[in-house]
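The block underneath contains the structure these notes are about, expressed in structure tokens.
Chain naming here is simple, since letters A, B, ... match the order of the sequence lines and numbering starts at 1 in each. Worth saying up front: this structure is predicted, and the values here are computed from it rather than measured.
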Protein chains: 2
Amino acid sequence: MARPTRPLAQLAPAPSPRGVPEATVARLPLYLRALTSLSDRGVATVSSDELAETAGVNSAKLRKDLSYLGSYGTRGVGYEVEFLRHQITREIGLTQDWAVVIIGIGNLGHALANYGGFASRGFRIAALVDADERRSGEEVAGLKVRHSDELEDVIETLNISIAVVATPAHAAQAVCDRVVAAGITSILNFAPAVVQVPEGVELRKVDLSTELQILAYHEQRKNGAALALTAEQAVELAKAVRG
Amino acid sequence: MARPTRPLAQLAPAPSPRGVPEATVARLPLYLRALTSLSDRGVATVSSDELAETAGVNSAKLRKDLSYLGSYGTRGVGYEVEFLRHQITREIGLTQDWAVVIIGIGNLGHALANYGGFASRGFRIAALVDADERRSGEEVAGLKVRHSDELEDVIETLNISIAVVATPAHAAQAVCDRVVAAGITSILNFAPAVVQVPEGVELRKVDLSTELQILAYHEQRKNGAALALTAEQAVELAKAVRG
DNA sequence: GGGCACTTGTGAAGCCATGCACAAAGTTGC
DNA sequence: GCAACTTTGTGCATGGCTTCACAAGTGCCC
Ligand SMILES: NC(=O)c1ccc[n+]([C@@H]2O[C@H](COP(=O)([O-])OP(=O)(O)OC[C@H]3O[C@@H](n4cnc5c(N)ncnc54)[C@H](O)[C@@H]3O)[C@@H](O)[C@H]2O)c1
Ligand SMILES: NC(=O)c1ccc[n+]([C@@H]2O[C@H](COP(=O)([O-])OP(=O)(O)OC[C@H]3O[C@@H](n4cnc5c(N)ncnc54)[C@H](O)[C@@H]3O)[C@@H](O)[C@H]2O)c1
């Protein structure tokens with residue numbers, strides 16, 4: 001008999017016995033995206049091979065990752081898309097929405113504030129803050145930009161969980177210090193600066209120049225290899241001519 | 001006698017005997033940033049401890065990383081800031097500028113195009129491309145936005161090495177296919193989509209929603225732990241009351 | 001010129017992540 | 001109810017990265 005909806009497991013609330021590896025955590029959003037896409041296409045059940053393909057990872061890795069969350073598949077069948085999606089959503093903590101403040105409403109801050117993709121992924125841009133008086137009061141993405149004097153007040157009043165730092169590099173440490181003092185324990189930093197935070201505060205950084213530099217390294221390597229090859233060929237050629 | 005400028009080593013061109021670990025490559029830009037900052041402050045020589053502190057990493061790791069590039073330090077002294085900076089710059093391949101095309105000039109594309117930080121880090125935004133007719137001709141950051149029909153032409157004519165993809169997710173694969181066909185072998189993708197590229201093409205992705213979701217996971221975990229503790233305390237309390 | 005203080009460069013150990021390969025478990029068909 | 005088939009969950013081997021700890025090398029001082 002095909003089991004219909006897994007009522008029992010759905011009621012049992014919190015598996016993940018203790019500690020999901022960090023590398024796995026970083027891939028859960030990827031699986032969630034893949035599952036959402038399958039769900040939109042009306043797929044009800046998926047095997048680890050198919051899901052791995054959709055998410056662009058190795059299927060053994062996918063299965064091992066999922067095994068850290070619990071035993072949510074059915075041998076011989078695969079995974080129920082909606083059910084697994086729900087489990088991952090719960091594991092990541094996206095059954096609730098998280099309130100986010102963006103600090104530094106310049107080029108990047110504007111783009112982030114106007115981005116529509118966060119809402120559908122569990123985040124609500126709740127406030128925008130900038131130090132520049134001239135920006136205060138400006139309306140961006142339906143929100144008034146607040147002056148940074150109000151930062152602590154905004155964080156407390158709006159019950160903000162996550163701070164996104166998009167200020168110039170030289171201001172990043174001071175801004176992080178302030179939000180941490182105001183009780184924030186999760187920060188996403190776009191400024192190219194080394195920022196220190198106390199134990200217990202999660203700091204992630206996105207550095208676009210670094211990404212480009214890593215690409216440049218590989219690009220150069222390819223070119224260098226090509227040149228070396230050419231040089232070798234040149235020697236061969238020289239030999240041939242001489243010989 | 002203190003050695004003045006290391007003329008010999010500077011002439012010897014290409015160390016890095018073969019293969020720098022990927023994890024190390026990803027940190028070289030960080031070291032470069034730290035060295036630039038020290039250089040700006042007029043520091044001439046730095047120990048691995050100090051440099052590691054500036055870059056926010058463990059000093060043993062820093063020394064091991066640098067050892068993959070060559071033996072550029074002086075025991076008992078440390079590293080010459082300018083010299084090391086030059087070596088890392090050369091290793092990453094930033095002695096030349098790399099021409100970049102940004103594809104998809106929406107919220108994010110605008111921010112990237114207007115960002116001043118790329119130029120100083122070895123990258124030149126050489127072209128902007130968008131599929132929307134209405135954007136073609138618009139001037140952004142001193143460049144005319146070109147229509148995507150011209151994509152291949154732009155890549156070839158301007159000798160572009162790196163493509164930055166900032167289109168909606170549904171267009172990302174097609175755009176990547178086109179730039180790869182046009183000869184590009186380095187792509188930075190901002191669209192939240194799984195993109196396949198052939199062997200030999202370097203694809204890096206930046207997914208901001210994923211970053212936030214990882215933060216949410218940890219945030220939830222902290223809260224959950226707090227709640228669990230409270231529950232435990234509640235049991236203790238209940239016992240105490242009953243006992 | 002020899003000893004002391006300092007710092008690099010690296011061998012070695014331990015840790016974590018990856019991926020293979022297969023037993024266990026479930027389904028389907030007869 | 002059994003056999004053949006499918007697919008999960010995981011033990012295990014492998015490899016890469018991190019960190020420790022120290023020998024080897026360098027400069028300085030007397
Ligand atoms: N724009 C990009 O595409 C891009 C790319 C890579 C990195 N970055 C980094 O992201 C950060 C923001 O970039 P940007 O291009 O938006 O810069 P920007 O100069 O356009 O905007 C920075 C904003 O931060 C505000 N600000 C300054 N100090 C502040 C403080 N103490 N508190 C609150 N707000 C403050 C400024 O008033 C300004 O509005 C920078 O660190 C930059 O290096 C940006
Ligand atoms: N804006 C952000 O802060 C942000 C944050 C996270 C992720 N992203 C991702 O980055 C991408 C861009 O985001 P955005 O906010 O700038 O979106 P956007 O809709 O503002 O801009 C997308 C642009 O791409 C152009 N485009 C569409 N198809 C194209 C094609 N085939 N070739 C060339 N151009 C094409 C559109 O005309 C538009 O100008 C999206 O995939 C988004 O999910 C953006």
Side-chain angles (χ1 to χ4, degrees), chain A residues 1-4 6 8-9 15-28 30-31 35 38 43-81 83-84 87-88 91 214, chain B residues 1-4 6 8-9 15-28 30-31 35 38 43-81 83-84 87-88 91 214:
Chain A
M1 179 184 48
R3 185 180 15 157
R6 288 181 173 262
L8 280 176
S16 78
R18 212 63 8 212
V20 178
E22 193 55 32
T24 297
V25 172
R27 281 187 295 264
L28 292 181
L30 198 60
Y31 303 152
L35 286 165
L38 289 168
V43 177
T45 299
V46 71
S47 72
S48 63
D49 271 350
E50 294 164 324
L51 181 54
E53 160 116 28
T54 310
V57 303
N58 174 306
S59 76
K61 182 150 60 180
L62 168 68
R63 286 199 300 277
K64 181 146 289 191
D65 282 343
L66 295 182
S67 78
Y68 291 117
L69 311 190
S71 194
Y72 294 145
T74 307
R75 292 172 192 229
V77 177
Y79 301 89
E80 283 177 39
V81 171
F83 177 71
L84 184 56
Q87 294 303 327
I88 295 182
E91 185 73 29
I214 295 170
Chain B
M1 179 182 48
R3 183 182 17 157
R6 289 181 174 259
L8 279 176
S16 76
R18 214 49 26 199
V20 178
E22 194 55 33
T24 297
V25 172
R27 281 187 296 265
L28 292 181
L30 198 60
Y31 302 151
L35 287 165
L38 289 169
V43 178
T45 299
V46 71
S47 73
S48 64
D49 271 349
E50 294 164 324
L51 182 53
E53 160 115 30
T54 311
V57 303
N58 174 306
S59 76
K61 181 149 63 179
L62 169 68
R63 285 199 301 278
K64 181 142 285 194
D65 282 344
L66 294 183
S67 79
Y68 290 117
L69 311 190
S71 194
Y72 294 143
T74 307
R75 293 173 190 228
V77 177
Y79 301 88
E80 282 177 40
V81 172
F83 178 71
L84 185 57
Q87 294 303 328
I88 295 183
E91 185 72 30
I214 295 170

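Atom OH in A/Tyr68 sits roughly 9 Å away from atom C1' in C/dC16 (whole-Å rounding). Rounded to a whole Å, the CZ atom of A/Phe83 is 15 Å from the P atom of D/dT8. If you take CG of A/Leu66 and P of C/dT18, they are 14 Å apart, rounded to a whole angstrom. Rounding to whole angstrom units, CG of residue A/Leu51 and P of D/dG9 are separated by 12 Å. Atom-to-atom, CD of B/Glu80 to P of D/dT26 comes out at 14 Å; the value is rounded to the nearest Å. Here the P atom of nucleotide D/dT8 and the CG atom of A/Leu84 are 11 Å apart, to the nearest Å. Distance, B/Glu22 CD to C/dT18 C1': 16 Å, rounded to whole Å. Atom CG of A/Asp65 is separated from atom P of C/dC16 by 16 Å (rounded to the nearest Å).
Between A/Glu22 and B/Ile214, some side-chain heavy-atom pair lies under the 4.5 Å cut-off. Side-chain contact between B/Val46 and B/Thr54 is absent, with no heavy atoms from C-beta onward closer than 4.5 Å. Residues A/Gln87 and A/Leu69 form no side-chain contact, since every pair of their non-hydrogen atoms from C-beta on lies 4.5 Å or further apart. Proximity of A/Tyr31 to A/Leu84: side-chain heavy atoms (C-beta onward) are nowhere separated by under 4.5 Å. Side-chain contact check for B/Thr24 versus B/Lys64: every heavy-atom pair is 4.5 Å or farther apart. In this structure the side chain of A/Leu66 never reaches within 4.5 angstrom of the side chain of A/Tyr72, judged on heavy atoms.
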What nitrogen or oxygen pairs link the protein and nucleotides 3-7 of chain C at under 3.5 Å?
from	atom 1	to	atom 2	distance (Å)
C/dT7	O4'	B/Gly76	N	3.1

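Across every non-hydrogen atom of B/Ile88 and B/Leu28, the tightest pair is CG2-O, 3.9 Å. The minimum heavy-atom distance linking B/Ser48 with B/Ser59 is given by the pair O-CB, 3.8 Å.
Contacts between residues 57-64 of chain B and DNA chain D, counted as heavy-atom distances below 4.0 Å, involve B/Asn58, B/Ala60, B/Lys61, B/Arg63, B/Lys64.
Residues satisfying the salt bridge (charged side-chain N to carboxylate O under 4.0 Å, His left out) criterion with A/Arg63, sequence neighbours excluded, are absent altogether.
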